[in-house]
Every structure is written in C-alpha cells, then in structure tokens.
2 protein chains.
Amino acid sequence: MARITITDVARMAGVSKATVSRVMNGNYGYIKDETREKVLDAIQKLEYRPSSVARSLASNRTQTTGILVSDVGNPFYANVIHGVEDVAFEHGYDLFLCNTNYDEERGLAIVQSLIDKRVDGVFIMSSSMSNDWIRELNKNSIPSVILDWQVTMEAPCVAEIQIDYEVGIKQAVEHLIELGHQRFAHISGPLSLETARDRKDAFVYHLAENGIDKDQIVIVEGDLKIEGGRKALPEILASPIKPTAIFTANDMTAMGVIGASRRANIRIPEDISLVGLDDTWLAAQMDPPLTTVALPNYYIGKLAMETLLKILERSKDNSEQIKEVVSTELVIRETTERQE
Amino acid sequence: MARITITDVARMAGVSKATVSRVMNGNYGYIKDETREKVLDAIQKLEYRPSSVARSLASNRTQTTGILVSDVGNPFYANVIHGVEDVAFEHGYDLFLCNTNYDEERGLAIVQSLIDKRVDGVFIMSSSMSNDWIRELNKNSIPSVILDWQVTMEAPCVAEIQIDYEVGIKQAVEHLIELGHQRFAHISGPLSLETARDRKDAFVYHLAENGIDKDQIVIVEGDLKIEGGRKALPEILASPIKPTAIFTANDMTAMGVIGASRRANIRIPEDISLVGLDDTWLAAQMDPPLTTVALPNYYIGKLAMETLLKILERSKDNSEQIKEVVSTELVIRETTERQE
DNA sequence: ATAGTTTCTGAAACCGGTTTCCTTTTCTGC
DNA sequence: GCAGAAAAGGAAACCGGTTTCAGAAACTAT
C-alpha cells in the first residue's frame with residue numbers, strides 16, 4: 001500500500017495540490033467554503049497525513065529541536081527535559097534527545113548532526129560544553145538556548161538562561177551559620193567549569209560576609225556525580241579544619257556524601273550537616289531527606305522552550321539578545337542540624 | 001549567507017549533482033579517483049554538509065528513530081535510553097525522545113507525530129501502552145521494537161524483547177525462603193498491565209513451589225512509582241498475615257517502601273526484608289542498599305537498537321518475527337536478612 | 001452593461017538531495 | 001586497429017510538499 005500523498009488528495013477532491021496545501025495551512029489567500037469541505041472530506045476519507053519531511057524541505061522549518069544534556073540519568077536533567085517537552089508537545093515540536101556523556105567531542109558531533117537535520121533550535125544544557133558548539137550553530141543561524149553558561153563570544157541568536165545561585169546560597173550559608181557552624185567544606189564541580197566556580201565563589205563569598213575566613217573552608221573538587229561526593233568525604237574528614245558542614249555543588253554529589261558517611265560511621269546531620277543543590281525529586285527521597293538549594297528544574301525547561309519559541313516567532317531583523325534569570329531558594333529538610 | 005547545496009559543490013568541482021551524490025554515498029557506479037578528489041576537495045573547501053531533510057525525502061530513509069518511555073525520570077528508562085542511544089549514535093541514527101507520562105492518549109498522538117516524521121523505527125518502552133499504537137505503526141509499515149509486552153495481534157514488523165522474570169524472581173524467592181521467611185507481601189504494578197501480572201504471578205508461583213500458600217501472601221496494587229510503595233506499606237503492616245518480606249514490582253516502589261518504613265519506625269532489614277526489581281543505579285544508593293532482581297537495563301537498550309538495525313537491513317520479504325529474551329538475576333545487597 | 005476590485009484557484013517553480021537511464025569514454029582481448 | 005565490455009558521469013525525473021504568479025470567477029460600483 002503506497003503512502004497517500006497530497007496528490008492523491010488533490011485528485012480525489014478535484015482540486016490542485018496548491019489548494020490542498022492552502023486548506024491545510026490556512027495561509028495564502030482565500031478558499032471557498034465549499035472547496036474547503038471537499039478537501040477536508042478527501043483528507044478524512046483517505047486518512048491523509050502530510051509528510052513532515054517534505055514539508056520541512058519545502059518550508060525550511062522542521063518543527064524539531066534538539067536538546068543536549070550531560071546525562072539523562074541525572075534527575076536534574078530529567079526534570080528539565082519534562083519542562084521542555086511539555087511545552088514543545090503543546091506547540092507541535094519534537095525533541096531530539098542527546099546525551100553528551102560529559103564529552104565535548106561527542107557533543108560537537110551531535111551538534112553537527114542536529115545542524116544537518118536542520119532543527120529549528122537547540123538547547124544546550126550540558127554542564128560541560130564548548131564554544132565551538134555555539135560557533136557551529138551560529139554559522140548555520142540556528143538559534144540556541146543555553147543554560148547556565150556565560151557566552152563570551154559574538155552570538156546573535158543565542159539566548160541565555162542564567163541561574164542566580166547567589167540568593168539560594170546566601171540562604172544556605174545563613175542557615176548554617178544560624179545553626180552554629182563555623183568550619184565548612186565545599187565539594188565543587190569540575191573547576192574547569194565556570195558554573196562550578198560560580199557556585200564555589202558564591203559560597204565562599206557569603207561565608208566571608210558572615211565572618212568566616214577562607215582558612216575555615218575546605219574545598220574539594222568533585223565531578224557532579226555520586227562518585228565525586230563519595231571520594232571527597234574522606235578527604236574532608238582528614239582535613240585539619242574539621243568542618244561541621246558541607247555544601248555540595250549538586251544533589252548527586254550530596255548523595256555520594258551520604259553514602260560515604262554511612263560507611264565512615266559519620267552521622268548526618270548529628271556529626272555533619274549537609275546541603276545540596278538542585279532539588280530534584282531525589283533530594284526528598286534520600287535518608288535523611290536532603291536540605292538543598294532548589295533550582296526550578298521543570299520551570300527552567302519550560303522557560304527554555306518558551307524562549308526558543310519567542311526567538312523563532314520574532315522577525316528576522318530583531319536580534320536583540322535574550323537573557324532570562326531564574327532564582328534559587330533554600331529548601332530545608334533534615335540534613336542540617338544545630339552544631340553545639 | 002545562503003546555505004551551501006549540492007549544486008554549489010557540483011559547480012565548483014565541475015561535475016554534475018549526480019556525481020557529487022555518488023561520491024558521498026559510494027553507491028551506484030564507479031567514480032574515477034581524480035573526479036572523487038575534485039569533489040571531495042570542493043566539499044571541504046565549501047564546508048558542505050548535505051541536508052538530512054532533502055536526503056530523507058529523496059531516499060525515504062530518515063536515519064531517525066523514536067523512543068517512547070513512560071517517564072525519563074525513572075532511572076530504569078534512563079539506562080535503557082543510554083543503551084539505545086550509544087548504538088544509535090554509532091550508526092548515525094538520531095533519537096526522538098518521547099515521554100508518554102503513562103498516558104495512552106498522549107502516546108498515540110506521539111506515535112502519529114513520529115509517523116508523520118517518517119522515522120525509520122520506533123521503540124515502545126512505555127509500561128502502559130495500547131495496541132492502537134502498534135496498529136498505526138504497522139499500517140505505515142514502520143518497524144517497532146517493543147519491550148516487555150505480549151503482542152496479541154497480527155503484526156509483521158514488530159520485534160519483541162521479552163524479559164524472563166522467572167529466573168530472577170525464583171532466585172529471590174529461594175533467597176527469602178532460605179532466610180527463614182514464611183509470610184510475604186508483594187506490591188505490584190497496575191494490574192491492568194500484563195507485565196505487572198506476570199511479575200506477581202511468578203512471585204506467587206515460586207512461593208507455592210516452596211510450600212508457601214496463597215493465604216500467606218498479601219498483594220497490594222501499586223503504580224510503579226515511589227508513591228505507590230509509600231502508600232502500600234501501611235496496608236501491608238495492617239494485614240493480619242504480618243508479612244516479614246516484601247517484593248516490589250520495581251525499584252521505585254521499593255524506594256517508597258524504604259521511605260515509609262522510616263516514618264513508621266520499621267527497620268529494614270531487621271523487621272522486614274525487601275526485594276526490588278530493576279537494579280537501576282539507584283538501588284545501590286538506597287539506604288540500606290537494595291537487594292533486587294536485576295534487569296540488564298543498558299543491555300536491553302543496546303539490544304533493542306541492534307534488533308531494529310537488523311530489521312532495517314534485512315530484505316523486504318523476510319518478515320519473520322524477531323523475539324529476543326533477556327534474563328534476570330538476583331543481586332543481593334542489604335535489605336534482606338535472616339528472619340528468626 | 002462595464003470597469004474595477006476582490007476572491008478564489010491552478011500551473012509551475014522550487015526546496016536539495018537520490019536514482020534511473022543513457023551516452024560517452026576508457027579498457028580489454030584479439 | 002577494432003569490436004565489445006566495463007567504467008565513468010551527465011540529464012532529467014523524482015521524492016511530497018510550499019509558494020509565487022497569473023488568470024479566472026464573482027462581486028462591487030458606476
């Protein structure tokens with residue numbers, strides 16, 4: 001059974017392809033009600049569905065976007081993806097999901113492939129990425145929305161979604177200070193990442209604001225994964241500073257710390273208080289439930305897709321840069337406790 | 001800057017479009033080395049990249065697949081997706097990721113959209129699905145690979161990946177019996193799902209094999225999510241049977257049980273032993289680490305993509321049904337303990 | 001009745017590739 | 001040196017839509 005094409009519909013309705021196309025899209029001129037009926041009828045009878053491929057080629061729009069994340073397995077991304085997808089679905093967009101696996105090379109290959117597929121836009125949410133990606137996208141004038149990354153280059157069609165870590169981290173610090181903590185540790189993300197440095201700096205800065213000197217802070221570099229947290233804990237415990245509170249760069253790292261603490265016979269929060277960052281659904285499921293600096297995960301995804309739609313809808317010459325900022329907020333659960 | 005097309009390359013190399021196409025694809029006839037060089041040169045100089053869209057339209061192949069999962073947030077799917085993606089990436093395929101959100105309607109809409117996009121194949125890994133999906137795909141002769149679902153209809157282009165729960169569940173039961181347990185509970189998935197009934201039946205069957213009668217088993221229906229496990233525990237505790245061991249339909253449910261047990265002051269495994277099913281990375285991170293019936297998550301994804309490739313490569317008339325079976329295996333961690 | 005609009009529709013070009021078909025060129029072997 | 005086969009590559013049709021352009025039909029105003 002050959003596939004039904006627009007030509008079949010046109011023949012059955014006794015009109016031209018152009019008319020069928022017009023009926024379907026509503027654009028370009030007027031259609032007599034009677035004709036419209038005939039066409040709609042034929043479409044229905046034949047169960048015709050237009051080929052997105054042909055449509056894309058002709059119209060230069062694919063109704064498709066790509067999203068690059070480090071790893072779908074990270075619940076943070078899962079939430080973001082949901083947000084993107086829900087809005088995309090509503091507007092008839094499909095989503096290529098791509099895991100970079102924290103690998104810049106692979107990411108670039110993916111970007112190239114997305115360009116070849118002529119996606120209408122790309123979301124870059126991979127924590128490790130490279131300016132090359134943006135450069136390639138830009139060269140092909142494919143708009144992109146980038147999460148939490150300072151774009152340092154000339155890039156007209158790039159929207160940024162910035163995360164204001166300051167607010168939430170300030171709250172976290174004040175919370176810990178209030179509980180009487182005086183010596184701290186931070187398990188950061190890979191310090192090659194600006195976002196990791198941002199979080200670390202914000203933490204250190206607000207500690208300073210509260211009279212805590214740098215020499216009361218241990219910083220250990222992690223990897224944003226469980227493993228990093230697990231490995232970091234012994235290092236922190238061995239430090240002469242003897243921190244009583246740990247702030248991790250994300251929830252996964254905190255999860256690693258919780259696991260390691262059990263093995264090391266350290267009680268959380270009695271011996272050490274712990275604050276994560278992300279607030280994925282996992283945070284509430286940990287034992288004890290994790291106090292964490294919450295990012296609006298789902299909302300970030302939603303906002304990203306909405307931003308892309310905005311870019312796609314605006315006129316060609318309006319290329320003002322869009323920059324959105326989302327805030328963060330401390331969610332207190334049970335991994336933080338008063339330190340006597 | 002207009003996009004570079006095959007025509008530009010042809011002009012620059014002083015050959016016809018056909019030749020350029022042949023050089024790129026290697027098929028159809030012979031090319032003189034000298035000509036090939038000229039073309040390759042032009043391609044390089046112009047940084048030409050062929051449009052996948054045009055290519056798809058002409059060749060009727062999109063190098064694209066779609067995958068339907070219930071929810072990316074579930075670590076089980078995350079692993080499967082990784083498996084699919086890695087193989088897909090290797091072979092130059094891209095992946096539309098679609099969350100059905102456990103909603104059959106939405107799933108059908110997604111399937112339709114994938115058909116319109118003329119994907120080369122579809123993976124159905126959503127726990128709740130409908131025969132309509134397969135019917136639509138079939139009508140458009142789009143091959144599909146279905147995970148853990150008994151296809152009850154005429155469906156030539158459908159491959160199945162079955163999961164042999166028997167083996168692992170048998171091990172789980174024997175493990176529990178060996179530990180001295182005599183009274184059991186099972187938190188199932190929605191019993192409208194065949195896969196949920198399978199797991200339940202296998203559990204009950206093997207208990208019977210070990211001399212445990214039905215009246216020593218409590219069955220509570222869950223939802224394969226954390227919430228279901230949380231809600232089920234009180235019900236189990238209230239039962240006159242007083243089970244000492246719980247087997248859950250998946251790890252997420254087990255996670256819910258662990259959470260609820262803490263609130264109910266029940267110790268796991270001292271008071272109640274717990275066995276999950278899936279063995280996502282989460283299992284090992286729970287507290288205590290979860291004993292669980294392991295599915296080869298990543299391998300399932302890999303196998304699925306490999307199976308699809310096999311279908312796509314075989315000749316048109318060879319339509320024998322492919323059925324793969326993967327096995328399961330008990331992984332013992334720390335949620336099961338001897339019952340005195 | 002006629003000119004001037006406005007409404008409606010079809011023919012054909014086009015999007016950027018692939019593939020068929022056929023012609024030309026280059027090799028073989030004798 | 002020539003016939004026949006093999007190698008090489010071009011012209012054009014095609015994939016299934018969209019969009020331009022122009023002409024026909026229907027409607028207004030005079």
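Each chain gets a letter, A, B and so on, in the order the sequences are listed, and its residues count up from 1.
Here B:V15 lies in heavy-atom contact (under 4.0 Å) with sugar-phosphate atoms only. Among the heavy atoms of the strands, none lies under 4.0 Å from A:V53.
Under 3.5 Å, the side chains of B:N297 and B:Y77 contain no donor-acceptor pair of N or O atoms. For A:S52 and B:D116, the side-chain atoms include no donor-acceptor pair closer than 3.5 Å.
Between B:K117 atom NZ and D:dG16 atom C1' there is a gap of 16 Å when expressed in whole angstrom units. To the nearest angstrom, C1' of C:dT24 lies 15 Å from OH of B:Y30. As rounded to whole Å, 13 Å separates atom P of D:dA7 from atom CD1 of B:I31. B:K17 has its NZ atom 8 Å from the P atom of C:dG17, to the nearest Å.
The side chain of B:T35 approaches D:dG9 more closely than any other nucleotide in the set C:dT9, D:dG9, D:dG17. Comparing D:dT18, D:dC15, D:dG16 against the side chain of A:N25 picks out D:dT18 as the nearest. The side chain of A:S21 sits closest to D:dT18 out of D:dT18, D:dG9, C:dA12. The side chain of A:R22 has C:dT9 as its nearest neighbour among C:dG16, D:dG16, C:dT9.
Taking only side-chain nitrogens and oxygens, A:T5 never comes nearer than 4.0 Å to OP1 or OP2 of D:dG16. One finds no side-chain N or O of B:T19 lying less than 4.0 angstrom from the OP1 or OP2 phosphate oxygen of D:dG9.
Both B:A54 and A:K32 lie near DNA chain C, and the one whose nearest nucleotide falls closer to the 5' end is A:K32. Comparing A:S59 and A:G14 along DNA chain C, the residue whose closest nucleotide (by nearest heavy atom) sits nearer the 5' end is A:G14.
The base of D:dG16 lies outside donor-acceptor range of the side chain of B:R118, with no N or O pair under 3.5 Å.
For residues 31-40 of chain B, no residue pair satisfies the salt bridge (Lys or Arg N to Asp or Glu O under 4.0 Å) rule, not counting sequence neighbours.
With respect to B:K139 and A:E47, a salt bridge is recorded, a charged nitrogen being found less than 4.0 Å from a carboxylate O. Taking the charged nitrogens against the carboxylate oxygens, B:E324 and B:K310 do have a contact shorter than 4.0 Å, which makes a salt bridge.
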